[in-house]
Amino acid sequence: MHEPRRSSGGRAIRVDELSYRKHRRYVTLVTDQVGRRIVWGEEGQTRPLWPRSWGDGEEGWKQIQLVSMDLSTALKKAVDGQVPHASKV
């Protein structure tokens, strides 16, 4: 998936990096926690892989209030850069 799917409000998301193939390949997933579905994913680790828009374009990022994630340095940096206003858990 390269373009994000419409979320059901998108106020709470989860960001995960999953490894597969003996921890040599990764996929980054963004999940709508309210709608309980994957709304964006791409092969690779966090870096700047995030979708450029969310829901209603750039304004959609401002609607996100909560991000759940692990606390890896790269993931935290990416999330802080994209949604600095959101609470992180």
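These numbers come from a predicted model, not from an experiment. Numbering starts at 1 and runs along the sequence shown.
- Here the straight-line distance linking atom CG of Leu18 with atom OG1 of Thr28 works out to 8.0 Å at 0.5 Å rounding.
- Residues Met69 and Leu75 come closest through the heavy atom pair CB-CD2, 3.9 Å.
- Remark: Lys88 engages Asp80 in a salt bridge (Lys or Arg N to Asp or Glu O under 4.0 Å) (not counting sequence neighbours).
- Within the hydrophobic cluster formed by Ile, Leu, Val, Met, Phe, Trp and Tyr side chains joined at under 4.5 Å, directly or through other members, Val89 is accompanied by Leu66.
- Side-chain atoms of His85 come within 3.5 Å of backbone N or O of Ile64 as a donor-acceptor pair.
- By the side chain to side chain donor-acceptor pair (under 3.5 Å) test, Asp16 pairs with Arg14, sequence neighbours left out.
- Ser19 pairs by the side chain to side chain donor-acceptor pair (under 3.5 Å) definition with His23, not counting sequence neighbours.
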